Visitor: 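First, the structure itself, so that you have it in front of you.
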2 protein chains.
Amino acid sequence: MPSSTVEDYIKRLYHEEQRAPGTLVPMGRLAEAMNVVPGTVTTMIKALADSGLVYYEPRAGVRLTDGGRKLALHVLRRHRLVELFLVQTLGFNWSEVHDEAERLEHTISDKVLDKIDAFLGFPKADPHGSPIPCAKGIIAHEPTQTLTSCVVGERYRIARVLDNDAQFLQFAERNGLVPEAHITVISKDDYADALVVSCHSRNAPCTLGSSAAARIFVAPALLQ
Amino acid sequence: MPSSTVEDYIKRLYHEEQRAPGTLVPMGRLAEAMNVVPGTVTTMIKALADSGLVYYEPRAGVRLTDGGRKLALHVLRRHRLVELFLVQTLGFNWSEVHDEAERLEHTISDKVLDKIDAFLGFPKADPHGSPIPCAKGIIAHEPTQTLTSCVVGERYRIARVLDNDAQFLQFAERNGLVPEAHITVISKDDYADALVVSCHSRNAPCTLGSSAAARIFVAPALLQ
DNA sequence: AGGCGCATTTTGACCAGTCAAAAAGAAAGA
DNA sequence: TCTTTCTTTTTGACTGGTCAAAATGCGCCT
Ligand SMILES: [Mn+2]
Ligand SMILES: [Mn+2]
Ligand SMILES: [Mn+2]
Ligand SMILES: [Mn+2]
């Protein structure tokens, strides 16, 4: 059984790969993402390569193997189902559940996972709009367009909000920036590095800096 | 924060103390209970003594301090609430939940614990009849009389069934030997090392060897 | 008192995961 | 081609938890 440390490295690697598909993830990037020193990553990645979870090209970078991707999706499934469970069943706010899930994702057995899945009615997405991989490891397409690249005036649907900053999630919720909300970017100012977004079914538009806007992923608006 | 290893030692020590209250638990006993070699226990107990969780008398044995007991009860609370949650909410059988709880007890935060407690309506006992310590660390009296020491012909109420053997729990359930069931020991044969117990609201009595009977704790029957 | 047996402790080793700091490689500029 | 700079790898050390095996201490029997 992979340790929780291994699971976290693999999951992290999956996320980093998403940000530039088809390329090797450099070691330094992974080190930063994992909050460890680069030498630690080198050691760990060698071990993961030995156990067949990653493909490692020294001095170039690292990539998940099929086995590694399967594990990553399994951890992601646990993480996201736990998050949804905490929100849906135990009444947590969507800003509180990420850190809890970060630990629980390593201790939930497959048996418990399946029960939770059934209990929640086989949900498709977590509270932040991230798709939940199915038991076989198939995951729905995750949109890659963020608020920063939206066309001004066009209608979009919020698909997903990054969940690693509790503070930001509370802000987003206050302003109606939640999955399935329909929005329009009213204006964009590249020099101020900010944009104004109007949330359909809300009165006051709100202003976001680009690093905040980059936390919100959008998809085409639904008809009507 | 205590590691899960530390929590398991402390919890184990609590259980061993229960079996002979007021005496020091010998190192060898703890080693056997923890499935580690005696030298490992010596090392660990010294560390626990340094952090004030146990009182350690070299070559004599070890005992929880008040701080240690508080931690033990906190872990026990997590363990038992998780067990009940798995049975009550996710539909697990009472024989499946002990091992799951053995891991989850270390990853459940106080916030999640309180939510579960409230969700279940502040229950008093786990699925096996063990009392759940309250948030302040107060625990109800745990009966110490087992089936082996019952008076033949007398009526008793099953208070608690040891939960560490899934196989036995399934057997017990099949035979109606569950908490709150009322029973009478029909006969006892010290030479055969067995006894026959009749379960009120059941037709067929069943036979238990003494090691099985020792897994079932009883209390005075309720009136009527 | 002396010796025996058993429980306990000590010692030396190992694995996973980590860091600090030194060494090595690669890429890019002069 | 030679240097400089940046990233990556290597080395040595540390912590927590464990084992095997040797050393030690204590009670008990003679
Ligand atoms: Mn994690
Ligand atoms: Mn999420
Ligand atoms: Mn445990
Ligand atoms: Mn139990």
Side-chain angles (χ1 to χ4, degrees), chain A residues 1-14 16-17 19-20 23-64 67-68 71-72 75 102-103 105-107, chain B residues 1-14 16-17 19-20 23-64 67-68 71-72 75 102-103 105-107:
Chain A
M1 278 302 92
S3 67
S4 52
T5 310
V6 166
E7 289 189 344
D8 279 339
Y9 270 95
I10 292 295
K11 195 181 55 166
R12 198 75 254 160
L13 188 49
Y14 177 88
E16 297 305 321
E17 273 186 359
R19 299 177 40 173
T23 68
L24 293 179
V25 175
M27 306 300 268
R29 213 151 130 63
L30 197 48
E32 201 180 350
M34 290 297 295
N35 271 305
V36 295
V37 121
T40 303
V41 169
T42 302
T43 311
M44 178 54 99
I45 288 300
K46 279 184 182 173
L48 296 181
D50 285 348
S51 53
L53 291 169
V54 305
Y55 165 74
Y56 168 49
E57 200 169 307
R59 306 217 106 95
V62 64
R63 173 201 319 136
L64 290 174
L71 176 57
V75 178
E102 202 56 53
R103 291 191 315 280
E105 66 189 356
H106 310 293
T107 34
Chain B
M1 277 304 91
S3 68
S4 52
T5 310
V6 166
E7 290 189 342
D8 279 338
Y9 271 95
I10 292 296
K11 195 182 54 164
R12 199 74 252 163
L13 188 49
Y14 177 86
E16 296 306 320
E17 273 185 1
R19 298 177 41 173
T23 68
L24 294 178
V25 176
M27 307 299 269
R29 213 151 130 63
L30 197 48
E32 199 180 352
M34 290 296 297
N35 271 305
V36 296
V37 121
T40 304
V41 169
T42 301
T43 311
M44 178 53 98
I45 288 298
K46 279 184 183 173
L48 296 182
D50 284 349
S51 52
L53 292 169
V54 304
Y55 166 73
Y56 167 49
E57 201 170 306
R59 303 215 110 96
V62 65
R63 171 202 321 136
L64 290 174
L71 176 56
V75 179
E102 201 56 52
R103 291 191 315 280
E105 66 189 355
H106 310 293
T107 34

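In the text below, chain A, chain B and the rest are named by the order of the sequence lines, each starting its count at 1. In this text the structure is predicted, and so the values were computed from the model without any measurement.
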Visitor: Determine, for nucleotides 7-19 of chain D in 5'-to-3' order, which nucleotides have protein heavy atoms under 4.0 Å from the base (write B), from only the sugar-phosphate (write S), or from neither (write -).
Guide: -BBB------SSB
Visitor: When the distance from CD of A/E7 to P of C/dA16 is rounded to whole Å, what number comes out?
Guide: 16 Å
Visitor: Is the shortest distance from a Lys or Arg side-chain nitrogen in B/R12 or B/E16 to a carboxylate oxygen in the other one below 4.0 Å?
Guide: yes
Visitor: Any donor and acceptor pair, going by atom type alone, linking the side chain of B/E17 with main-chain N or O of B/L64 inside 3.5 Å?
Guide: yes
Visitor: Where do A/M44 and A/V6 come nearest, in terms of heavy atoms and distance?
Guide: CE-CG2, 4.3 Å
Visitor: Locate the shortest heavy-atom distance separating B/A60 from B/L24; write the atom from each residue and the value.
Guide: CB-CD1, 3.9 Å
Visitor: So B/V62 and B/L48, side chain to side chain contact (heavy atoms under 4.5 Å, CB included) or not? Walk me through it.
Guide: CA-CA 10 Å; B/V62 65; B/L48 296 182; over 6 Å; no
Visitor: Can you measure A/E32 atom CD to C/dT18 atom P for me and round it to whole angstrom units?
Guide: 16 Å
